Amino acid sequence: MRDREKARKRAHELVGKMTLEEKASQLRFDAPAIPRLNVPAYNWWNEALHGVARAGVATSFPQAIGMAAAFDAPMMEEVGEAIAVEGRAKYNAYKEEGDRDIYKGLTFWSPNVNIFRDPRWGRGHETYGEDPYLTGELGKAFVEGLQGDGEYLHAAACAKHFAVHSGPEGLRHQFDAKASKKDMWETYLPAFEKLVKEADVEAVMGAYNRTNGEPCCGSSTLMQEILRGKWEFEGHYVSDCWAVRDFHEHHMVTDTAEESAAMALKAGCDVNCGNTYLHMMKAYQDGLVTEEEITRAAERLFTTRFLLGLFDETEYDRTGFDRIECREHLELADRAAAEGIVLLKNNGVLPLKKESLKAVGVIGPNANSRAALIGNYHGTSSRYVTVLEGIQDALAEDTRVYYSEGCHLYREKVEGLGQRQDRIAEAVSVAKNSDVVVLCVGLDETLEGEEGDTGNSYASGDKTDLLLPQVQRELIEAVIKVGRPVIVLNMTGSAMDLRYVQEHADAVVQVWYPGARGGRTVAQILFGEISPSGKLPVTFYNNTKELPDFEDYSMKGRTYRYFEGKPLYPFGYGLTYGDVTVDSVSCAGNVWKAGEDNTMEWNPEEELTVKVSLTNKSRTATGEVVQIYVKASESAHATPNGKLCAFSRVFLNGAETKEVELKIGADAFTVVNEEGERLVDGRRFLFSAGLGQPDERTRELTGRECVAFTLQRKDG
């Protein structure tokens, strides 16, 4: 196992040979070489959100939110490991060519474990959704896969953006996210804590905004008291890019670049993504920082470089170029896409039967769009398969596939000299000549994403509402009015207002951004080669009127745990082509079924293991996700709607029964009070085990009841 103390001693020895100027130079993201000490240049900035990004060809996995919808932690670990392998292969190849450029290193600024608290946030699709427990479990698995468990780090992961960050994008450089102690410790901090304490994540990145008055990249509360104090974090801290500059230009907590650099360094920010640390020597000369503080940061950074084996021969040096986009990784990407696609509605039209189709209409701005496959923070694929191409490849030559773009993604016309909606007549004609229509709508990274990376300048990457662009809404209505069966594929990274298609379309599928070759997997699902089995990692609301102000960081009224209305589609919801039921739940010799009054005494000192029995009553093999929710029945501090506390993905063949074992951790029995204290409060805890939440809307959509049971503390 890795020896951090040994790496730290080596870093201390090496940094001790440097001049002060050399030490300060190493705190830049683009750290220069120090030839006299045989220290090569190193660029700390690399990205691996869903595959190695921005450095040429790499396996393109589905966007993070799409992988989250798989509810599959073991798969996330495999994805992390595959990315580390490709990262090493690239590093080895580029190093041999003397290429030390940006995006060529082994310090990956992923995963993003912020909470997707509001569907308007443009970067929400980079996250694992709205739930702290799901986010923590998936983030932990990804980090463990990326970093490995060998003598050296396979790659270094980075938990970002610490800690309270989820929009608005347009205000992030001056925004103060105000969160109560309860919301901090119940919602915004748990995933970071899990990655630090359980996954030993090597790096943490601060956010642009302030949190409760302090800029996140210069917050003594977040960085010293919590991260390095309570959690005993030993890795390095990196600023978000040009976030330290915001201290004096936007947050106005300092007056000069030197003061900003000093504030960040003293709080514990070791490496600056940006250029403010170019002023570090002036800050030293002005007495704002000490040599000891500069040395401390440099030693932390070289500790990571030694843990990566960058000054040694390691087993990873033999990772060859042939591992990049290899068959094994491409198959994993296909599996991730398949597990994450969510079937929201199906009146029986799906799966399509190829032999009965003479003509299929494929319509929509995302039908043949590569951008709609890849999300943001992506690499380059050697091949792309759009939804149109996937359907064309899947059907025999004697089945005609008609295609129309239908409309622009958001502009009023496709051709500059055309009239408004210049493709809608073609779309209607396609629909009239088809037996069934696959209508591909949604967004892409030009409309939802990070400020500065999108063309959505009005909202800086965020959405102003949950509606699809007006031209797409008009297209949907025109196509549905034709009267042919319509399957709507929504390709977005966030929740949308899909009320019209839920009411009028024959099937609705949430495809997310499924990866570069995702169109092939979509076709396999449409034609029944694979059963959809994803679950929503976010709540789909009816509209923004149901939500608090975007700028309000209180969790009241947000996410499935606090939402008081009836959602369009609930968190944890998703249909399959199978017919899976939860037969019973057993624990400590007790067996319970749905509709029974089930209570068991329980010793809180004992680990709780629950076994869930499932049966697939259909002939169709399918994946499913067992979900367990809990609410402290007697506590005023409990979330109003309970919380997810365990989940497990399972595969069942037709007519198969399986028993799934889930362990419920001690945190399930805790609540967080207004002072941010986590405690066990009350004697009775209501649990439900099922294939979704135990809420009214999930019952309406699925016709399924969860198995409920109550655990009562013996020591009460």
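On a predicted model such as this, the values are computed, not experimentally measured, just so you know.
Rounded to the nearest 0.5 angstrom, Trp121 CH2 and Phe550 CZ are separated by 8.5 Å. Atom CH2 in Trp45 sits 7.0 Å away from atom CD in Glu47 (nearest 0.5 Å). To the nearest 0.5 Å, atoms NE2 (His173) and OG (Ser460) are separated by 8.5 Å. If you take CD1 on Ile115 and OG on Ser166, they are separated by 8.5 Å, rounding to the nearest 0.5 Å. In this structure, Phe162 CZ and Phe233 CZ are separated by 9.5 Å, a value rounded to the nearest 0.5 Å. For the atom pair CG of Leu227 and OG1 of Thr221, the computed distance is 12.0 Å after rounding to the nearest 0.5 Å.
When atom types are taken as modelled, the side chain of Asn490 and the backbone of Met496 share no donor-acceptor pair closer than 3.5 angstrom. Of the possible donor and acceptor atoms, none in the side chain of Glu675 sits under 3.5 Å from a partner among the backbone N and O of Lys181. Side chain of Arg499 to main chain of Asn542: a donor-acceptor pair is present (N/O by atom type, distance under 3.5 Å, no hydrogens or angles). At least one donor-acceptor pair under 3.5 Å links the side chain of Thr107 to the backbone N or O of Trp44. With hydrogens and angles ignored, the 3.5 Å screen pairs a side-chain donor or acceptor of Thr127 with a backbone N or O of Gly124. Under the 3.5 Å distance criterion, the side-chain polar atoms of Thr702 are matched with a main-chain donor or acceptor of Thr698. Side-chain N or O atoms of Glu130 include one that pairs as donor or acceptor with a backbone N or O of Thr539 at under 3.5 Å.
A salt bridge does not link Lys631 with Asp695: every distance from a Lys NZ or Arg NE/NH1/NH2 to an Asp or Glu carboxylate oxygen is 4.0 Å or more. A salt bridge between Glu339 and Arg335 is present, with a side-chain N of the basic residue lying under 4.0 Å from a carboxylate O of the acidic one. A salt bridge links Glu450 with Arg172: the distance from a Lys NZ or Arg NE/NH1/NH2 to an Asp or Glu carboxylate oxygen falls below 4.0 Å. Using a cut-off of 4.0 Å between Lys/Arg side-chain N and Asp/Glu carboxylate O, Lys230 and Glu193 are scored as not salt-bridged. Between Lys535 and Glu624, at least one side-chain N (NZ, or NE/NH1/NH2) sits under 4.0 Å from a carboxylate O, which counts as a salt bridge. Comment: Glu214 does not engage Arg210 in a salt bridge, judged by the lack of any side-chain N to carboxylate O separation of less than 4.0 angstrom. Electrostatic pairing of Lys178 and Glu551 does not count as a salt bridge here, judged by no charged N lying under 4.0 Å from a carboxylate O. Classification of Lys160 and Asp240 as a salt-bridged pair fails, no side-chain N sitting under 4.0 Å from a carboxylate O.
No side-chain donor-acceptor contact under 3.5 Å links Tyr128 and Glu137. Under the 3.5 Å distance criterion, with hydrogens and angles disregarded, no donor-acceptor pair is assigned to the side chains of Glu448 and Thr454. Side chains of Ser180 and Glu674: a donor-acceptor N/O pair is absent below 3.5 angstrom, by distance only. With 3.5 Å as the limit, one finds no donor-acceptor pair spanning the side chains of Gln174 and His251. Defined by atom type and a distance below 3.5 Å, a donor-acceptor pair is present between the side-chain atoms of Gln510 and Thr492. Remark: the Asn114 side chain and the His161 side chain contain an N/O donor-acceptor pair separated by less than 3.5 Å. In the model, Gln63 has a side-chain atom that pairs as donor or acceptor with a side-chain atom of Asn376 under 3.5 Å. In summary, the side chains of Asp131 and Tyr560 do present a donor paired with an acceptor at a separation below 3.5 Å, with no hydrogens or angles considered. Lys463 and Ser494 share a side-chain donor-acceptor pair at under 3.5 Å. Checking Thr187 against Arg561 by side-chain atom types alone, a donor-acceptor pair falls below 3.5 Å. Glu445 and Tyr513 share no side-chain donor-acceptor pair at under 3.5 Å. In the model, Arg683 has no side-chain atom that pairs as donor or acceptor with a side-chain atom of Ser633 under 3.5 Å.
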Test Ile628 against Phe687 for side chain to side chain contact (heavy atoms under 4.5 Å, CB included), laying out the working first. CA-CA 7 Å; Ile628 299 182; Phe687 287 83; 3.9 Å; yes
Taking it one step at a time, do His236 and Thr304 satisfy side-chain hydrogen bond (donor to acceptor under 3.5 Å, both in side chains)? CA-CA 8 Å; His236 69 268; Thr304 298; 2.9 Å; yes
Would Arg120 and Asp462 satisfy salt bridge (charged side-chain N to carboxylate O under 4.0 Å, His left out), going step by step from the backbone distance to the final call? CA-CA 6 Å; Arg120 287 166 283 199; Asp462 295 326; over 6 Å; no
Evaluate Arg558 against Asp549 for salt bridge (charged side-chain N to carboxylate O under 4.0 Å, His left out), listing each step before the verdict. CA-CA 10 Å; Arg558 295 189 185 283; Asp549 289 343; over 6 Å; no
Step by step, work out the salt bridge (charged side-chain N to carboxylate O under 4.0 Å, His left out) result for Glu696 and Arg699. CA-CA 5 Å; Glu696 179 184 351; Arg699 287 194 294 271; 5.6 Å; no
CA sep, side-chain torsions, deciding dist, call: Asn209, His165, side-chain hydrogen bond (donor to acceptor under 3.5 Å, both in side chains): CA-CA 7 Å; Asn209 53 273; His165 179 67; 2.8 Å; yes
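Checked against Phe709 for a ring-ring contact (aromatic ring centres under 6.0 Å, His included), the options Trp602, Trp592, Tyr629, Phe685 give a single hit: Trp592.
The nearest pair of heavy atoms linking Ala267 to Ser219 is CB-N, 4.1 Å. In this structure, Asp681 and Ala636 approach most closely via the heavy-atom pair OD2-N, 4.1 Å. In terms of heavy atoms, Ser533 sits closest to Thr622 at CB-OG1, 4.5 Å. Contact detail for Phe647 and Asp72: the closest heavy-atom pair is CE1-N, 4.3 Å. Closest non-hydrogen pair, Ala157 versus Leu146, comes out as CB-CD2, 3.6 Å.
The aromatic ring centroids of Phe563 and Tyr541 lie less than 6.0 Å from each other.
With sequence neighbours excluded, the residues satisfying side chain to side chain contact (heavy atoms under 4.5 Å, CB included) with Thr670 are Lys643, Asp667, Arg678, Val680. Residues satisfying the salt bridge (charged side-chain N to carboxylate O under 4.0 Å, His left out) test with Glu126, not counting sequence neighbours, are Arg123.
The cationic atom of Arg117 (NZ for Lys, CZ for Arg) lies less than 6.0 Å from the six-membered ring centre of Tyr553 and within 45° of the ring axis.
By the 4.5 Å heavy-atom criterion applied to side chains, Gln147 and Glu202 are counted as neighbours. Lys556 has its side chain out of reach of Pro548: every pair of non-hydrogen atoms, C-beta onward, lies at least 4.5 Å apart.
A 6.0 Å sphere centred on CG of Asp465 holds more than 12 heavy atoms belonging to other residues, nucleotides or ligands.
Cys pair Cys273 and Cys241 passes the test of SG atoms under 2.5 Å apart.
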